[in-house]
Amino acid sequence: MSFSGISSLQTVSPSDELARLDRVLKSLEKFDHSQGEAPALELERIIFSLKDNPGLRQAAEQRLLEFFTSDVSRDARMAVSKPLSWIAGPESARALAGQLPDPEKSDPARYVLERIPGDEADKVLIKALDKAPAAVISGIVSSLGHRRAKAAVLSLEKLLRKNPSPQVVYNVIEALGNIGGKEATRILSGYLKSGDENLRLRAVDALLRIAGREIEDKNLKEAGVISNLLLEHRLSPAQRLAAWRVKILASGENYGREIQVALKGRDEMAQQAAIGLIPVLVSRDKIADYLGLFSGLPDNLQVQVAPALSDYPVPAAREYLLNLAGKSPSAEVRTEALVSLGKVGDNSVVEFLVRKAASARGKEKNAARESLLALRGKPVDDRILELLAAGPEQSLRNELLLAACERNIRESREYFLKEASNPTADPALVSRGLRAFGDIGLAEELLKVAFSTEDESFREELAGIMAAWAKQSARPEARSTFFRNLLGKETDPGRQALLITIIGKIGERNSLPLLRSYLRAQNAVVREASLKALADWPEVEARDDLLEIVRTSSDLKEKVLAVRGLVRLTASERYRRPEAVVESLKDIYSLSPRAEEKKLVLSAISDFPCQPALEFCRTLVNDPEVGPEARAALEKISQRLR
């Protein structure tokens with residue numbers, strides 16, 4: 001089988017490609033960005049596809065240059081400048097020289113020149129400095145800075161001697177800072193004593209940029225000269241800090257001496273620079289040599305020391321941070337130290353963090369808790385379990401249990417189970433741990449706790465936990481078997497009521513006959529538990545039972561519970577026909593014993609917009625009990641039907 005036909009279809013000849021380029025350039029002559037970018041993007045695609053073909057590249061460069069220098073719109077030149085910069089060489093640099101003096105053409109020409117490799121573009125830009133009008137001088141200066149053209153430094157100095165406008169001076173200083181080198185440094189240093197504060201600060205920033213690049217290039221001696229020069233003059237705090245950083249970095253292998261000098265001195269910016277460079281320069285095995293220098297620093301510097309030590313998981317650094325977190329008079333320092341302990345601590349700091357979390361407040365308390373969570377390794381989990389086993393006081397136990405939850409320590413579940421029977425425990429914390437780590441195997445023990453507690457809300461929560469455990473069972477139709485079996489043997493009404501509650505929360509269909517049987521129990525507590533279980537039933541199977549209760553019961557409380565359950569179940573049938581749901585809700589309304597339940601019905605009806613719902617609400621708008629609710633429901637239904 002031959003594929004030669006396909007190959008010939010995919011091949012585009014050079015002449016075709018250049019013809020396509022000509023067509024796109026023709027369409028760009030009057031180009032306006034506001035009319036869309038399609039022609040410009042098409043040009044970029046063409047140039048990108050041919051830029052690696054030497055023959056096509058040269059031909060395309062010539063065409064783009066001819067277009068650039070012809071009578072086209074400014075937007076057209078801007079559109080061509082980007083793809084031209086991809087393929088431009090020395091010929092383009094020379095051709096664009098004539099465009100630089102023209103304010104309309106200068107910016108796109110400079111865009112291309114800034115990206116042409118080699119010295120030719122530098123020469124063109126330098127030569128333009130002498131002839132260009134004031135309107136374009138700043139741009140040309142910026143382009144020389146962008147190219148870091150060292151050959152331009154003396155020409156820029158010459159330009160400064162002509163007393164140009166302040167903006168040009170600012171641009172020259174910026175460019176010299178980008179170019180760098182000894183000559184640029186010499187020129188910029190002349191502005192360090194300038195009475196023009198703006199000018200002086202710009203010169204300082206430019207010198208700092210030069211020094212930073214000298215350090216990157218390993219020219220430490222030159223960087224040191226600049227830092228010493230700067231530190232002899234008045235600087236802003238930020239500039240002084242930067243100059244000290246340069247000075248320390250420029251010291252190379254002698255950084256230790258410079259850091260010690262800075263920390264022992266009284267220059268706060270020097271101290272800040274030294275502290276900030278500790279993690280950059282000092283290895284873990286050397287950090288102990290510097291800790292003694294930190295001890296006498298004021299709180300505003302200790303705040304910086306603490307995070308600087310977060311890169312040193314070694315005993316000496318941990319000990320220093322423990323001392324800061326425990327003894328510093330500054331809450332901010334203590335908090336930062338706690339945060340760093342979470343990064344460098346191990347099992348040895350667990351008890352300290354637990355005690356801090358129990359005793360501190362606000363940010364400090366949160367920092368201690370977050371650091372307990374951040375500590376890495378199983379030894380930390382083991383230490384938390386050891387402390388729990390020791391039976392600490394309640395405040396410490398709460399923090400340990402919280403940490404166990406946050407760290408997902410499953411082995412802690414026995415402590416949560418034990419805590420469930422503690423009357424001084426935090427119920428919410430106990431519930432969280434039992435839900436996270438417990439399972440149906442703990443149900444028998446937790447039932448004992450639930451049977452014995454006098455806190456009704458906590459008992460209800462424990463019932464919910466055991467129901468949640470049961471729902472995780474691998475046998476869907478046997479999730480409530482354990483509790484049904486217990487209920488069949490139980491004779492105590494209170495315990496029966498709790499077991500019924502759990503069975504109801506599990507919500508297995510095969511439990512419904514059992515719950516119905518307990519509706520006829522002699523004990524009121526058991527009957528109420530059964531009714532609540534049906535009223536909270538998750539599926540509609542319980543609706544008939546609830547309707548029967550509403551129609552036959554003479555007990556107001558039972559009627560109220562049943563009606564509320566009916567409203568909830570009926571309103572949950574989102575996919576029934578709205579008219580059918582409304583008919584059901586109207587029946588419930590007629591059976592409602594109080595205005596409160598009637599209002600619930602009206603609220604539910606508004607979620608099923610249809611004509612019968614509108615008509616029903618209209619009949620009630622003047623009702624003294626539910627008039628406002630009927631009007632609100634009517635408005636909501638009307639809006640949804642529009």
Side-chain angles (χ1 to χ4, degrees), residues 306 310 313 318 321-322 324-326 331-332 334-439 441-443 445-446 449-450 453 455 457-469 472:
S310 67
R318 280 195 290 270
L321 289 168
L322 283 168
L324 275 186
E332 187 178 5
R334 296 195 301 270
T335 300
E336 289 294 339
L338 288 168
V339 171
S340 291
L341 279 173
K343 298 175 182 177
V344 302
D346 57 14
N347 60 336
S348 68
V349 305
V350 169
E351 184 172 0
F352 175 84
L353 291 174
V354 169
R355 292 187 178 279
K356 264 293 180 182
S359 61
R361 295 183 178 182
K363 293 181 179 179
E364 197 172 347
K365 187 183 195 74
N366 291 337
R369 286 177 169 176
E370 289 169 7
S371 288
L372 268 174
L373 174 60
L375 293 176
R376 297 180 181 179
K378 191 174 185 304
V380 175
D381 294 347
D382 293 341
R383 181 58 178 154
I384 290 172
L385 293 172
E386 287 174 12
L387 292 171
L388 279 169
E393 62 183 69
Q394 188 65 57
S395 61
L396 299 180
R397 192 157 63 246
N398 285 347
E399 294 300 332
L400 287 164
L401 291 170
L402 177 61
C405 277
E406 296 285 353
R407 295 179 65 85
N408 197 30
I409 305 175
R410 299 196 64 82
E411 297 89 340
S412 65
R413 70 181 199 165
E414 64 179 277
Y415 299 105
F416 283 100
L417 184 60
K418 182 179 179 181
E419 195 72 358
S421 59
N422 177 7
T424 63
D426 180 348
L429 183 57
V430 172
S431 174
R432 180 180 174 185
L434 289 173
R435 286 182 181 274
F437 307 132
D439 56 42
L442 298 180
E445 290 297 319
L446 195 60
V449 177
T453 184
D455 185 333
S457 61
F458 188 48
R459 187 187 303 120
E460 182 78 12
E461 175 63 17
L462 295 181
I465 291 170
M466 287 182 276
W469 290 347
Q472 295 169 3

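Just so you know, these numbers use all the heavy atoms, side chains as well, and skip hydrogens, waters and symmetry mates.
Under a 3.5 Å cut-off, the side chain of K356 and the backbone N or O of A325 do form a donor-acceptor pair. Distance alone, capped at 3.5 Å, places no donor-acceptor pair between the S431 side chain and the P427 backbone.
In this structure, the side chain to side chain donor-acceptor pair (under 3.5 Å) partners of N422, at least two apart in sequence or on a different chain, are Q394, E419, T424. With sequence neighbours left out, E461 forms a salt bridge (Lys or Arg N to Asp or Glu O under 4.0 Å) with R435. For the salt bridge (Lys or Arg N to Asp or Glu O under 4.0 Å) test, no residue two or more places apart in sequence or in another chain qualifies with E332. E370 pairs by the salt bridge (Lys or Arg N to Asp or Glu O under 4.0 Å) definition with nothing, not counting sequence neighbours. Residues that satisfy the salt bridge (Lys or Arg N to Asp or Glu O under 4.0 Å) test with E414, not counting sequence neighbours, are absent from this structure. The side chain to side chain contact (heavy atoms under 4.5 Å, CB included) check on D382 picks up K378, with sequence neighbours excluded. Looking at residues two or more places apart in sequence or on another chain, you find a side chain to side chain contact (heavy atoms under 4.5 Å, CB included) between E386 and R383. Under the side chain to side chain donor-acceptor pair (under 3.5 Å) criterion, S457 pairs with D455, sequence neighbours left out. In terms of the side chain to side chain donor-acceptor pair (under 3.5 Å) criterion, residue partners of S348 (sequence neighbours excluded) are, by chain and number, D346. A357 is linked by a side chain to side chain contact (heavy atoms under 4.5 Å, CB included) to A368, R369, E399, counting only residues two or more places apart in sequence or in another chain. In this view, D381 and R407, I409 satisfy the side chain to side chain contact (heavy atoms under 4.5 Å, CB included) rule, not counting sequence neighbours.
Separation of atoms CG (L442) and CZ (F416) is listed at 12.5 Å; rounding is to 0.5 Å. Between the CG atom of L462 and the CG atom of L434 there is a distance of 7.0 Å, given to the nearest 0.5 Å. Residue R355 holds its CZ atom at 8.5 Å from CG of L387, rounded to the nearest 0.5 Å. S412 contributes atom OG, which lies 11.5 Å from atom CG of L417 (distance to the nearest 0.5 angstrom).
The two atoms that bring F352 and G326 nearest to each other are CZ-N, 3.8 Å, heavy atoms only. When all heavy atoms of A358 and K365 are compared, the pair lying nearest together is O-NZ, 3.8 Å. N408 and F437 get closest at one heavy-atom pair: OD1-CE2, 3.2 Å. The two residues F458 and A420 come nearest to each other via the heavy atoms CE2-O, 3.4 Å.
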As a quick check of understanding, evaluate side chain to side chain contact (heavy atoms under 4.5 Å, CB included) for D426 and L401, giving each step before the final call. CA-CA 10 Å; D426 180 348; L401 291 170; over 6 Å; no

Before giving the answer on salt bridge (charged side-chain N to carboxylate O under 4.0 Å, His left out), spell out for K418 and E445 the whole-Å C-alpha distance, their side-chain angles and the decisive distance to 0.1 Å. CA-CA 9 Å; K418 182 179 179 181; E445 290 297 319; over 6 Å; no

Chi angles and distances behind the side chain to side chain contact (heavy atoms under 4.5 Å, CB included) call for I384, V354: CA-CA 9 Å; I384 290 172; V354 169; 5.7 Å; no

Check residues 335-344 and write down every donor-acceptor pair under 3.5 Å in which the side-chain atom is one partner and the other belongs to a residue at least two apart or another chain.
residue	atom	partner	partner atom	Å
T335	OG1	A331	O	2.8
S340	OG	A306	O	2.6
S340	OG	E336	O	3.4

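For the pair E351/L396, no side-chain contact is recorded, criterion being any heavy-atom separation below 4.5 Å from C-beta on. Between P392 and L400 the shortest side-chain heavy-atom distance falls below 4.5 Å. Using a 4.5 Å cut-off on side-chain heavy atoms (C-beta onward), K363 and R334 make no contact.
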